[in-house]
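Heads up: the structure comes next, in structure tokens.
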Amino acid sequence: VLYGVLNLVLYRFVICPLVCAFICTLVCTFVCTFVCAFVFASGCYQAKAAKLRQAETEPTCRSLAYGPKPLELDLYSSSTKNLSNANLSNVNPSNENQEAAMPGPDLIVCAHGGAWSSGDKADRLYGANLAKALLSPRQDYASINYRLAPRHKYPAQIEDYNKAIDFLLKLDRYKNSKIVLFGHSAGAQIVAAWILSPQAKARLSQARIKAIVLIDPPALEIAKLTEELKAAFGENAGAIKLSLLSKLQNLPQEERAKLPPLTMYLSSDWRGKREQQSRTFFTLWHRNTNRKDKLIKVPENHIGVISALQA
């Protein structure tokens with residue numbers, strides 16, 4: 001009897017708990033291993049998916065020379081294949097009329113700011129961050145460098161902007177494209193001066209210019225010489241031939257009708273004479289037309305307005 005009682009106690013209070021503990025340990029180990037493996041695999045998949053999504057949204061960039069240094073530009077697109085050597089080769093004259101009915105992607109051509117004497121196509125304001133905000137499957141972005149003052153006086157910058165546009169529109173990808181002119185600060189003045197120059201007439205007649213975006217354009221009319229303006233324009237900066245307001249005011253109506261829609265942003269820093277000149281320029285541009293021109297006063301400062309566009 002005592003032996004039976006001891007076996008019963010041993011079985012119930014020692015062997016059974018040990019077996020149960022062993023089984024529970026195995027089950028828990030299996031479950032924990034499975035759960036950890038699942039979580040790890042799920043995390044790896046999500047990380048890989050996020051990396052792929054980031055790669056898809058990161059713009060593809062190619063740097064091209066459109067003349068001797070510093071005449072270079074950065075060309076951005078939403079897809080790597082869009083900027084292949086085949087797409088960026090020069091148009092073959094024998095095939096220039098082929099696929100004429102197939103429009104190319106719109107192309108934004110940006111002139112950076114910097115008081116005509118500084119700035120770069122790839123800096124934080126005009127490079128990849130702005131490109132990422134403006135790109136779409138049907139819209140590419142080009143940020144250009146141009147010759148800088150005081151070594152190269154105005155209108156060297158206008159000549160370079162014109163040369164960049166000619167270069168881009170000769171590439172196969174953009175042979176049937178329309179362009180959007182984009183400029184900030186001194187770059188906005190360069191864009192405005194180019195659109196009113198004789199070099200732009202052919203593009204306007206061909207209806208190749210889709211729109212124009214000017215952000216805080218300075219020196220639309222030069223009434224007083226400053227050291228900054230002397231460095232960029234020379235001693236004759238006050239000459240009437242440099243007044244963009246006068247050029248726009250004297251533009252014949254038939255030429256005014258060919259001008260593209262204008263969107264003008266004025267920052268919180270743009271006050272006094274600069275704001276007055278900008279508003280006058282907009283009024284003259286829009287006069288006697290039915291274009292959907294826009295004048296937008298924004299709360300951001302002169303630099304912040306570009307950061308807001310990037311967001």
**Prompt:** Is the shortest heavy-atom distance from the side chain of Leu259 to the side chain of Thr289 under 4.5 Å?
**Reply:** no
**Message:** When you compare the side chains of Ser77 and Asp140, does any donor N or O come within less than 3.5 Å of an acceptor on the partner?
**Reply:** yes
**Message:** Test side chain to side chain contact (heavy atoms under 4.5 Å, CB included) on Leu125 and Leu130; report intermediate values, then the result.
**Reply:** CA-CA 7 Å; Leu125 290 179; Leu130 185 56; over 6 Å; no
**Prompt:** Under the ring-ring contact (aromatic ring centres under 6.0 Å, His included) rule, what pairs show up with a residue in residues 286-311, not counting sequence neighbours?
**Reply:** His184-His302, Trp270-His302
**Request:** Please indicate whether Lys178 has more than 12 foreign heavy atoms, meaning atoms of other residues, nucleotides or ligands, lying under 6.0 Å from its NZ.
**Result:** no
**Prompt:** For Asn290, does the CG atom sit with more than 12 other heavy atoms under 6.0 Å from it, leaving out its own atoms?
**Reply:** no
**Request:** Go through the steps to decide whether Glu228 and Thr226 satisfy the test side chain to side chain donor-acceptor pair (under 3.5 Å), and finish with yes or no.
**Result:** CA-CA 5 Å; Glu228 180 182 80; Thr226 63; 5.0 Å; no
**Message:** Check whether Trp285 reaches the backbone of Pro260 with its side chain - one donor and one acceptor, N or O, closer than 3.5 Å.
**Reply:** yes
**Asked** Which is it for Leu168 and Leu73 under the side chain to side chain contact (heavy atoms under 4.5 Å, CB included) test, yes or no, and what are the steps along the way?
**Response** CA-CA 10 Å; Leu168 288 164; Leu73 59 86; 4.0 Å; yes
**Request:** Hey, could you give me the CZ/CG distance between Arg62 and Leu75, rounded to the nearest 0.5 Å?
**Result:** 8.5 Å
**Request:** Output yes when a side-chain donor or acceptor of Ser185 lies under 3.5 Å from a complementary backbone atom of Gly187, and no otherwise.
**Result:** no
**Message:** Within the structure provided, determine whether Pro217 and Leu266 are in side-chain contact (heavy-atom separation under 4.5 Å).
**Reply:** yes
**Any side-chain heavy-atom pair of Leu245 and Phe281 under 4.5 Å** = yes
**Prompt:** Are any non-hydrogen side-chain atoms of Phe182 and Val191 less than 4.5 angstrom apart?
**Reply:** no
**Prompt:** Considering only heavy atoms from C-beta outward, does the side chain of Glu72 approach that of Ser63 to under 4.5 Å?
**Reply:** no
**Message:** Measuring only between side-chain heavy atoms, which start at C-beta, is Leu64 closer than 4.5 Å to Leu171?
**Reply:** yes
**Request:** Go through the steps for Arg147 and Leu71 under the test side chain to side chain contact (heavy atoms under 4.5 Å, CB included), then give the verdict.
**Result:** CA-CA 7 Å; Arg147 289 173 291 172; Leu71 304 186; 4.2 Å; yes
**Message:** Would you say that Ser177 contacts Pro105 through its side chain, given a criterion of any heavy-atom pair below 4.5 Å between the two side chains?
**Reply:** yes
**Item:** Partner of Asn162 by side chain to side chain contact (heavy atoms under 4.5 Å, CB included), out of Asp166, Ile165, Ile158
**Value:** Asp166
**Item:** Candidate pair Ser267 and Glu300, rule side chain to side chain donor-acceptor pair (under 3.5 Å), full reasoning
**Value:** CA-CA 6 Å; Ser267 73; Glu300 290 81 8; over 6 Å; no
**Message:** In the structure I gave you, are the side-chain heavy atoms of His152 and Asp160 within less than 4.5 Å of one another anywhere?
**Reply:** no
List, one per line, each side-chain donor-acceptor pair under 3.5 Å for residues 108-117, sequence neighbours excluded.
unit_1 : atom_1 : unit_2 : atom_2 : d
His112 : ND1    : Tyr146 : OH     : 3.4
Trp116 : NE1    : Gln189 : OE1    : 3.2
Ser117 : OG     : Ala115 : O      : 3.4

**Same apolar cluster (I L V M F W Y, side chains within < 4.5 Å links), Leu83/Phe167** = yes
**Item:** Value rounded to 0.5 Å, distance of CG in Leu262 from CG in Asp293
**Value:** 5.5 Å
**Message:** Show the nearest heavy-atom pair for residues Leu244 and Ala192, with the distance to one decimal.
**Reply:** CD1-CB, 3.9 Å
**Message:** Working note: Leu220 + Leu248, criterion side chain to side chain contact (heavy atoms under 4.5 Å, CB included); need CA distance, chi angles, decisive distance, verdict.
**Reply:** CA-CA 10 Å; Leu220 297 176; Leu248 186 55; over 6 Å; no
**Message:** Listing request: all ring-ring contact (aromatic ring centres under 6.0 Å, His included) pairs with a residue in residues 206-228, at least two apart in sequence or in separate chains.
**Reply:** none
**Closest contact, heavy atoms only, Lys163 versus Gly67** = NZ-CA, 4.2 Å
**Fill in**
Rounded to the nearest 0.5 Å, the CD1 atom of Ile212 sits from the CD1 atom of Ile195 at a distance of 5.0 Å
**Request:** Report the residue from Arg279, Arg271, Gln277 that forms a side-chain hydrogen bond (donor to acceptor under 3.5 Å, both in side chains) with Glu275.
**Result:** Arg279
**Asked** So which of Ile179, Val180, Leu107, Leu181 actually passes side chain to side chain contact (heavy atoms under 4.5 Å, CB included) with Lys210?
**Response** Val180
